[in-house]
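Written below as structure tokens is the structure these notes are about.
Residue numbers begin at 1 in each chain, while the letters A, B, ... track the order of the sequences.
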Amino acid sequence: MNTVKNRVTRGLTGLVLLGLLGGAQADAAPVVVKGDGRQIKPPPLRVVKPQQPTRLSLENGIVVLLQPDKELPLLSLTVMMRGGSRDEPEGKTGLADIFAESWRSGGTRTKTGDQIDDFLALRAATIETGSEPSKMTLSVHCLKNDFADVLGLATELLREPEFRQDKIDIAKRQMFTAISRRNDESGEIANRESAKLAYGKDHPLARQEEYATVAAVTRDDLQMWHRRFVHSGNMIVGVSGDFDPAEMTTLLRQKLGSLPQSQKLVTPELGFVPTRPGLFFVPKKEVNQSSIHLVQLGTTRKNPDHYALEVMNEIFGGGFWARLFSNIRTKQGLAYNVGGGVGLGYEYQALYKVAMSTKSQTTGKSITALFEQVQGMLMNPPTPDELQKAKDAILNSFVFRFDSKAKILSDRMRLEFSGYPADYTEKYAEQIQKVTLDDVKRVAQKYLNPGGFAVLVVGNPDEIGDQLTQLKHLGPVQTIDVSIPPPPPKPQAAQK
Amino acid sequence: MTDVTLVSEQPFGEGGLVSRLYQLPNGLKVLLLRDPSAPVFAYQTWFSVGSRHERQGKTGIAHLFEHLMFNETQNLPHGEFDRRFELAGGGTNAATWVDWTYYQDDLPASELALAVSLESERMQNLLVRERQVETERGVVISERQMRVDDDVDGFMSEELFRLAFTTHPYHWPTIGWMQDIRNLNLDDCVSFYRTYYAPNNATVVVAGDIDEAQTLELIGKHYGGIAAQTIPAPASIVEPPQTEQRVVRFRKPVLTDKILMGYKSPAQHDPDHIRLELLGEILIGSASSPIYRDLVIEKEIFSSLGGSVTPFRDPGLWEIAASLHRGHSADEGLALFDQHIAHFVAHGPTLEQLERARARTLTSFYLSLKTAHGKASSLGESQTTLGDYRELWRVPQILRSITVEELHAVAQRYLRPEQRTVVIAEPSGEPIDEDEADGDEESEA
């Protein structure tokens with residue numbers, strides 16, 4: 001619950017890279033401060049073999065992964081379950097989030113949420129519940145000596161949550177507030193609306209909660225959701241921290257082993273249709289920067305092309321030396337943020353997105369520049385040097401995916417959850433090594449598809465002027481109305 | 001090999017790790033912590049220069065210069081610095097704040113020589129050119145528009161410090177005033193580099209899977225020849241005591257009211273700093289904290305509430321940010337918040353409240369030291385802001401000793417309305433532009 005402090009940093013990781021515009025042109029009088037003329041050689045590659053957790057199954061079907069780590073006297077446990085916003089019934093968008101919020105705050109049969117808060121606060125422990133598009137999690141963090149007590153409480157929450165109505169109402173009102181604030185930031189609008197353009201506005205991965213869909217969620221819905229998703233056949237449990245594996249196994253059998261046995265849950269595959277190309281605009285008068293997102297469907301890591309795509313992404317938009325960065329920012333000076341690549345989801349098709357922010361006056365020029373970069377990957381395919389650099393960058397950074405035992409456990413849980421073989425991560429490096437220049441050229445031709453983008457701009461119409469209408473090859477500008485539908489006449493928010 | 005002197009050493013926690021501070025003849029401090037738990041290391045360079053070392057009219061130069069440090073050097077063409085780190089699998093970044101600027105590299109264990117080469121290269125061989133200053137100015141202007149002008153929270157934070165500090169350099173934002181960013185020139189940047197980016201104004205921190213002797217040898221070899229400079233002593237400016245509450249309101253494109261307030265807080269070296277942090281944890285730090293529970297969970301006046309005490313060398317602020325639920329005003333929220341504060345100032349915390357917050361704060365402290373990066377950052381910041389890395393371990397020591405009576409006294413000392421500054425953003429109704437918003441400012445004293 002801390003505020004973000006106003007320190008100013010150079011960069012962030014992820015799709016959007018922040019950084020520097022460089023002086024690409026030579027200047028007459030450089031200021032050399034000092035010098036010794038050293039030369040620096042590029043580094044060799046590294047091979048990483050992370051120490052994997054131990055896997056076991058409890059009698060009731062729960063899969064357990066144990067990762068001892070003695071560094072600090074702390075323990076963490078995560079329960080991962082299939083079931084998320086993609087599984088919400090029609091007209092109840094927001095249900096998964098309300099469930100995750102009121103699951104913990106609504107308490108158990110024997111303890112209210114406030115009593116749970118006090119119980120945990122006294123032990124400097126936390127139990128947190130969360131939901132994502134395809135899964136829910138319940139996480140426990142505590143001091144080693146309190147683990148048995150806190151695990152007992154977590155088991156109670158898994159078995160018999162109470163979903164007290166007052167806490168459901170609070171969760172819903174918090175969502176009402178979030179809905180009312182969802183157009184405050186350009187970036188948030190751009191992320192939300194570009195997902196709707198790529199997947200389709202009613203797709204389970206893109207649809208958004210409204211006052212009415214949140215108001216429609218009842219306590220019965222939450223209890224039904226609990227019966228549907230929170231059972232032993234749908235749980236993967238990971239434990240990391242300072243513990244003895246044999247003692248931990250006994251404790252988990254006592255506590256989580258007491259949950260009734262159930263069948264493994266299988267959720268239906270999601271359907272996808274290609275993105276409808278076009279030029280879309282969300283007017284936001286109070287900003288002086290435009291957020292530009294080019295989006296269409298990406299693919300998954302189950303696709304055999306994904307290793308070659310990973311290398312292609314690195315060349316295209318992977319980092320400070322990649323084409324997007326060096327051309328859009330360093331050479332043309334158009335962006336403070338720019339990044340992109342073909343998304344590779346673990347379970348479903350992620351977004352293929354190329355995104356940047358630029359000042360209003362250079363919006364049209366920036367869109368053209370982004371298309372030139374995508375076209376450039378096809379017209380001027382990657383070179384052997386780019387291929388080697390991309391592979392080096394991917395393989396040498398591999399160690400940071402596993403620089404703590406908790407990260408190794410988290411990676412393994414994700415593989416287990418999404419149905420990947422346990423050695424996927426170790427083989428990943430071998431597969432990246434095998435990617436050839438022809439592979440990268442082939443996937444660039446197959447997936448980059450410059451004609452398939454939905455282009456979204458969120459920006460100031462007065463400052464942008466006619467720049468968008470001049471991009472005639474993208475078709476007419478289609479304005480998206482992001483105004484928020486009003487709450488129902490007597491919203492539950494007012495019932496206290 | 002350059003002579004390197006061991007200045008001090010201290011156990012790092014109770015797990016057998018030891019941190020050691022060395023110094024080169026040119027004044028460069030080197031702080032090493034061998035921690036072989038993962039095959040990586042963090043390499044950080046902390047310079048004792050931040051926005052507090054700037055002067056009126058030249059604000060933002062520390063941050064602008066941080067950007068310039070990623071450019072060309074005498075031996076590295078443009079882009080090569082980032083490229084080499086990326087090819088080695090590393091990540092590199094930097095940050096500037098009021099008291100310091102730091103550069104960080106996280107790398108696989110085999111890449112120590114690369115880090116030492118590249119970091120020593122840019123400490124001594126950076127090329128600062130007109131063209132680069134111009135392009136980085138453009139980036140920083142864009143950054144300021146994004147972080148402050150287009151961002152309500154960023155705007156409110158800038159206003160809070162502008163209003164709370166009338167004399168001290170904490171008055172201006174680290175990113176700088178727009179007018180100053182536009183006016184900074186090549187001479188300013190060169191002079192800044194020559195003055196502040198000197199070995200005797202820096203601490204190199206290396207934490208992770210390293211060999212200590214080899215690390216020292218490499219650092220001695222690469223940094224030993226860099227000449228020390230005369231570093232101007234920072235002006236000793238004392239902010240005059242605040243004698244009445246300052247309140248300012250803005251109309252902004254938000255749908256519900258927002259509040260950002262700050263009580264004057266002690267400097268980080270003052271034991272009261274940790275006490276005030278603990279007090280904040282008691283009052284608003286968790287779902288079981290009294291103000292959080294009453295105003296966020298039970299009464300649902302605020303949709304969010306959080307705070308922290310600025311970790312500054314000189315006295316700063318206990319910042320508290322709150323967003324209001326629909327149908328509730330900032331004034332209503334503030335009045336209820338103040339009732340809690342008044343009750344707390346009158347009665348102090350209970351022992352149980354203290355013990356809960358103490359346990360949570362201690363756990364957070366240890367968790368922040370889990371990674372090589374976290375260890376290096378904590379050591380570097382303590383050395384730079386407090387003047388001694390060993391101060392880091394005073395935190396758990398003080399935390400364990402704090403009493404109910406001490407916290408009660410701290411509440412009476414710092415939670416005073418006349419020492420508070422409040423920035424309120426209210427919905428504008430219609431989207432409005434920045435100039436218009438600024439024009440709608442209303443001040444209350």
Side-chain angles (χ1 to χ4, degrees), chain A residues 1-3 5-11 20-23 25 27 30-40 42-43 46 71-72 117-118 121-122 124 170 173-174 176-177 180-181 184 186 285-289 319-321 326 330 333 336 357 359 389 392-393 396-400 403-404, chain B residues 37-40 63 67 70-71 74-75 78-79 82-83 86-89 93-97 108 111 114 117 124-125 127-132 135 138-139 142-143 145-146 150 157 174-175 190 253-255 285-288 300 303 306-308 319 321 325-326 356 359-360 363 366 431 433:
Chain A
M1 297 177 191
N2 284 334
T3 53
K5 304 191 185 88
N6 57 341
R7 60 195 252 172
V8 184
T9 60
R10 175 187 178 235
L20 309 171
L21 287 171
Q25 300 173 34
D27 290 300
V31 178
V32 181
V33 183
K34 295 162 225 167
D36 69 358
R38 279 194 314 278
Q39 293 301 312
I40 299 156
R46 292 180 49 81
E71 190 184 351
L72 295 169
D117 288 340
D118 292 340
L122 203 53
I170 290 174
R173 284 193 287 270
Q174 284 171 343
F176 287 160
T177 298
S180 73
R181 288 191 187 282
D184 284 2
S186 296
K285 286 195 163 187
E286 63 277 15
V287 298
N288 51 32
Q289 295 253 326
F320 291 110
W321 67 276
S326 55
T330 308
Y336 176 66
S357 298
K359 55 185 183 293
K389 283 174 184 159
D392 289 356
N396 284 324
S397 64
F398 205 52
V399 64
F400 286 101
D403 61 356
S404 75
Chain B
S37 60
V40 298
H63 172 248
H67 278 234
F70 289 84
N71 273 301
Q74 189 178 3
N75 299 300
H78 182 264
D82 287 320
R83 194 183 69 81
E86 285 188 353
L87 295 189
N93 213 328
T96 308
W97 210 0
E111 306 301 340
L114 180 79
S117 307
Q124 59 191 313
N125 292 330
L127 301 180
V128 185
R129 302 173 174 189
E130 190 76 51
R131 164 75 57 187
Q132 290 158 343
T135 50
V139 176
S142 182
E143 185 179 353
Q145 287 175 333
M146 187 179 300
D150 281 359
S157 176
T174 297
I175 201 164
V190 172
V254 291
L255 287 175
S286 81
S288 64
E300 294 179 74
S303 59
S308 59
E319 286 180 90
H325 268 294
R326 282 191 306 156
R356 287 178 186 184
R360 283 200 304 273
T363 306
Y366 286 110
D433 64 40

Q.
Which one wins on heavy-atom pair count under 4.5 Å against chain B: Lys389(A), Lys359(A), Arg181(A)?
A.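 Heavy-atom pair counts peak at Arg181(A).
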Q) Who are the side chain to side chain donor-acceptor pair (under 3.5 Å) partners of Gln174(A), not counting sequence neighbours? A)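 For Gln174(A), no residue satisfies side chain to side chain donor-acceptor pair (under 3.5 Å) once neighbours in sequence are set aside.
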Q: Could you tell me which residues satisfy side chain to side chain donor-acceptor pair (under 3.5 Å) with Ser180(A), sequence neighbours excluded, listed by chain and number?
A: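 Listed in chain order: nothing, the list is empty.
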Q | Atom group of Ile170(A) that falls short of 4.5 Å from chain B, counting heavy atoms | A |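 Its backbone and side chain both get close to chain B.
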Quick one: pull up [atom1] in [X] and [atom2] in [Y] and give me the separation to the nearest 0.5 Å.
X         : Y         : atom1 : atom2 : result
Ser142(B) : Asn288(A) : OG    : CG    : 8.5 Å
Glu300(B) : Arg173(A) : CD    : CZ    : 3.5 Å
Gln145(B) : Ser357(A) : CD    : OG    : 11.0 Å

Q. Asn396(A) side chain to Leu87(B) main-chain N or O, any donor-acceptor pair under 3.5 Å?
A.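 Yes, Asn396(A) side chain to Leu87(B) backbone: donor-acceptor pair under 3.5 Å.
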Q: List the steps and the verdict of side chain to side chain contact (heavy atoms under 4.5 Å, CB included) for Asp118(A) and Arg356(B).
A: CA-CA 9 Å; Asp118(A) 292 340; Arg356(B) 287 178 186 184; 3.4 Å; yes
Shortest non-hydrogen separation from [X] to [Y] and the atoms involved:
X         : Y         : result
Asp403(A) : Ala38(B)  : O-CB, 3.0 Å
Val40(B)  : Phe400(A) : CG1-CE2, 3.8 Å
Ser288(B) : Ala121(A) : OG-CB, 3.2 Å
Gln289(A) : Asp150(B) : N-OD2, 3.5 Å

